[in-house]
Protein chains: 2
Amino acid sequence: MLTVTSVNVNGLRAAAKKGYLEWLSGCAADVVCLQEVRAEEAQLTEEVRRPAGWHASYAPASAKGRAGVAVLTRRAPEAVRVGFGVPEFESSGRYLEVDLPGTTVASLYLPSGEVGTERQDEKERFMETFLPYLVELRAKAAVDGREALVCGDWNIAHQEADLKNWRANRTKSGFLPEERAWLTRVLGEEGGYVDVVRALHPDQDGPYSWWSYRGRAFDNDTGWRIDYQMATPGLAGRCVKAQVERAASHAERWSDHAPVTVVFD
Amino acid sequence: MLTVTSVNVNGLRAAAKKGYLEWLSGCAADVVCLQEVRAEEAQLTEEVRRPAGWHASYAPASAKGRAGVAVLTRRAPEAVRVGFGVPEFESSGRYLEVDLPGTTVASLYLPSGEVGTERQDEKERFMETFLPYLVELRAKAAVDGREALVCGDWNIAHQEADLKNWRANRTKSGFLPEERAWLTRVLGEEGGYVDVVRALHPDQDGPYSWWSYRGRAFDNDTGWRIDYQMATPGLAGRCVKAQVERAASHAERWSDHAPVTVVFD
DNA sequence: CTTTCTACG
DNA sequence: CGTAGAAAG
């Protein structure tokens with residue numbers, strides 16, 4: 001049994017003030033992948049940096065207060081690797097992987113963009129260089145007899161069922177045809193990964209994992225499913241439960257994203 | 001009878017969220033001088049911009065979110081003038097005067113500085129050019145048979161009794177010998193103004209009007225008296241009450257400065 | 001709408 | 001320590 005949770009915390013320091021630690025103490029996962037930590041380890045309190053009972057691995061961004069991913073594990077990982085080998089993104093705080101017995105788990109924070117901006121170009125460069133790495137990761141895992149799981153905020157909704165207003169968002173970053181096509185490659189023959197939440201819930205809208213803080217997006221469930229756990233087929237086949245932990249109320253929200261939790265048998 | 005209150009609000013929008021309007025509604029003054037408004041009129045809610053029963057005159061800084069002075073009057077002023085005629089400071093949001101029957105009341109926010117920085121040079125340039133204006137203001141007032149009152153944050157403690165730790169602050173901006181000497185000129189033959197709070201309370205330490213937000217400065221009354229009402233002698237002679245409205249508790253503080261209130265008979 | 005940084009105080 | 005703007009999301 002392996003339970004993995006992934007959540008974009010939108011600033012770990014802010015999340016900690018609003019209930020993240022309480023959520024973590026009730027969290028039964030073996031591995032927690034965090035995105036948008038937005039802090040260096042030295043800026044975190046000891047309790048937040050290394051919660052009791054957890055090992056913590058961090059990949060901060062070189063730009064202060066930006067991005068940053070981490071992985072918490074109940075047991076010390078066999079290995080920790082930062083980045084995926086592309087110089088532009090090595091210190092961008094967007095990719096970290098840890099080896100656990102038989103499985104490599106990664107925390108990914110794919111850049112967000114805005115059409116017509118340099119940020120979107122960066123997002124596209126990331127996608128372009130990251131897909132070959134995903135392919136390589138799967139190949140390496142196969143050779144070693146391991147499985148791989150890439151969790152995180154991919155900042156792309158794949159299909160119309162993955163966001164509330166797909167029509168209005170066809171020209172918006174996060175649901176552009178080329179971005180959706182890229183995810184199709186990740187999930188198709190080329191990448192060979194399985195979106196385990198969708199695999200277990202093929203016929204529903206959502207479940208969304210992100211709601212804008214603007215307006216009443218959360219109350220109206222005007223969300224996007226942009227946080228995924230992408231597993232190699234062997235691991236995906238062991239998935240017995242996959243869900244998004246939508247907070248019951250706005251009051252207990254400590255991030256604009258919700259945790260995505262998956263149980264593998 | 002004329003009651004005038006002056007207070008550095010340290011951001012009028014923030015102050016309004018913390019109790020400024022409640023304080024104002026219990027304020028019996030005829031004139032309220034504000035410093036560090038840190039907003040343009042358009043950024044203020046109607047209630048804050050022009051509280052019921054008040055006329056409001058503003059002199060914002062051209063730099064957004066910086067400085068800014070204002071004067072609230074129960075009756076419409078006869079005239080409103082922004083600046084004191086020195087180009088460098090005309091749009092710096094540091095000086096505004098209004099004519100009321102028989103009296104000109106000004107709201108002043110003298111620059112703060114730090115020794116060895118360009119900010120300190122600016123403070124000194126302000127002092128150098130403002131003193132001649134004070135002299136001119138008094139002369140004009142005398143010719144017109146008027147009185148003048150210059151209220152505000154002068155960012156200088158005059159004497160040892162005007163701050164808690166004078167020894168430790170002798171080399172700090174706000175208590176430098178040259179700054180203290182300048183205030184002595186304002187209050188001496190050259191300027192001819194009267195510090196009305198000190199005139200009525202000659203033998204006490206303080207009363208302080210500013211306490212840093214750092215540490216426990218307010219609780220320990222580790223403050224500075226840097227907010228003054230400087231009056232022409234004729235007006236000062238009519239002063240029957242002069243006090244600093246130190247908040248009873250940290251909880252009811254809505255600024256790091258306290259209002260200075262003076263009653264003229 | 002929110003977080004974080006920065007400048008200023 | 002706190003305010004406000006900016007950049008980012």
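In what follows, chains are A, B, ... by sequence order, proteins preceding strands, each numbered from 1. The structure displayed is predicted, hence computed values, not measured ones.
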Exercise. So what does F218(B) touch, heavy atoms closer than 4.0 Å: a base, only the sugar-phosphate, or nothing?
Worked result: nothing
For this session: Calculate the interatomic distance between E114(A) atom CD and dA8(D) atom P; express it in whole Å.
Result: 10 Å
Problem set entry | Intermediate values then yes/no, side chain to side chain contact (heavy atoms under 4.5 Å, CB included), K123(B) and I156(B) | CA-CA 10 Å; K123(B) 183 176 185 178; I156(B) 302 169; 4.1 Å; yes
Problem set entry | Worked check of ring pair (Phe, Tyr, Trp, His ring centres under 6.0 Å) between F130(A) and Y95(A) | CA-CA 10 Å; F130(A) 188 57; Y95(A) 188 79; 5.4 Å; yes
Problem set entry | K18(A) side-chain N/O to dT2(C) phosphate OP1/OP2 under 4.0 Å | no
Problem set entry | Among dT3(D), dT3(C), dG9(C), the one nearest A14(B) by side-chain distance | dT3(D)
Exercise. Where do Q229(B) and V260(B) come nearest, in terms of heavy atoms and distance?
Worked result: NE2-O, 3.0 Å
Grab the N/O contacts between the protein and nucleotides 6-8 of chain C below 3.5 Å, and write none if there aren't any.
unit_1, atom_1, unit_2, atom_2, d
dC8(C), OP1, R119(B), NH2, 3.1

For this session: Compute both the distance and the angle, then confirm whether R246(B) meets the cation-pi test with F218(B): under 6.0 Å from the six-membered ring centre, within 45 degrees of the axis.
Result: yes
Seminar exercise, completed: Rounded to whole Å, the OH-P distance (Y213(A) to dC1(C)) equals 13 Å
Exercise. Is there a donor in the side chain of W254(B) and an acceptor in the side chain of E22(B), or the other way round, less than 3.5 Å apart?
Worked result: no
Exercise. Do any side-chain nitrogens or oxygens of R13(B) fall under 4.0 Å of OP1 or OP2 in dG5(D)?
Worked result: yes
Exercise. Under 4.0 Å between a side-chain N/O of R253(B) and OP1 or OP2 of dC1(D), yes or no?
Worked result: no
Seminar exercise, completed: From CD of E36(A) across to C1' of dA8(D) the rounded distance in Å is 9 Å
Exercise. Tell me: CD1 of I226(A) to P of dG9(D), nearest whole Å?
Worked result: 12 Å
Exercise. Of the options R38(B), Q35(B), K18(B), which is the one that meets N10(B) in a side-chain hydrogen bond (donor to acceptor under 3.5 Å, both in side chains)?
Worked result: R38(B)
Exercise. For DNA chain C, whose closest nucleotide is more 5', that of P111(B) or that of S212(A)?
Worked result: S212(A)
Exercise. Rounded to whole angstrom units, what separation is found between the NZ atom of K172(A) and the P atom of dG9(D)?
Worked result: 16 Å
Exercise. Within less than 4.0 Å of OP1 or OP2 of dC5(C), is there a side-chain N or O belonging to Q43(A)?
Worked result: yes
Exercise. Which comes earlier along DNA chain C counting from the 5' end, the contact point of R216(A) or that of N10(B), where each point is its nearest nucleotide?
Worked result: R216(A)
Exercise. Between atom CD in E118(A) and atom C1' in dA7(D), what is the gap in whole Å?
Worked result: 15 Å
For this session: For N220(A) and dC1(C), give me the distance from atom CG to atom P, rounded to whole Å.
Result: 13 Å
Problem set entry | Whole-Å gap separating P (dA8(D)) and CG (N8(A)) | 17 Å
Problem set entry | Interatomic spacing from CG in L108(B) to OH in Y133(B) - rounded to 0.5 Å | 11.0 Å
